[in-house]
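Below is one structure, written out as structure tokens; comments come after it.
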Amino acid sequence: MYFTDRGIEELEQRRGEEEVTLAWLADKLRSFVDANPEFETPVERLATYLARDDEDDE
């Protein structure tokens with residue numbers, strides 16, 4: 001198990017039943033980077049991965 005799995009599991013347990021929009025997620029990611037600028041590159045990579053995830057299906 002990776003260290004990050006704990007955070008992912010907590011997210012799923014606490015908010016797994018909620019429905020969110022991608023606009024909400026984008027806003028949360030922006031807020032996170034504003035508060036934690038050292039994570040700008042990893043957040044950018046995650047956002048790009050999520051945006052392009054369906055390209056593998058073609």
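Only heavy atoms go into these numbers, but all of them, side chains included; no hydrogens, no water, no symmetry mates.
Residues satisfying the salt bridge (Lys or Arg N to Asp or Glu O under 4.0 Å) criterion with Glu19, sequence neighbours excluded, are absent altogether. Considering only residues two or more places apart in sequence or on other chains, Glu17 meets the salt bridge (Lys or Arg N to Asp or Glu O under 4.0 Å) condition with none of them.
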Result block: side-chain N/O donor-acceptor pairs under 3.5 angstrom for residues 29-47, not counting sequence neighbours:
from	atom 1	to	atom 2	distance (Å)
Ser31	OG	Asp27	O	3.1
Asn36	ND2	Phe32	O	3.0

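In terms of hydrophobic clustering, with Ile, Leu, Val, Met, Phe, Trp and Tyr side chains grouped at heavy-atom distances under 4.5 Å, Leu25 and Ile8 are assigned to different clusters.
The 12-atom threshold is exceeded at CG of Leu11, counting heavy atoms of other residues, nucleotides or ligands nearer than 6.0 Å.
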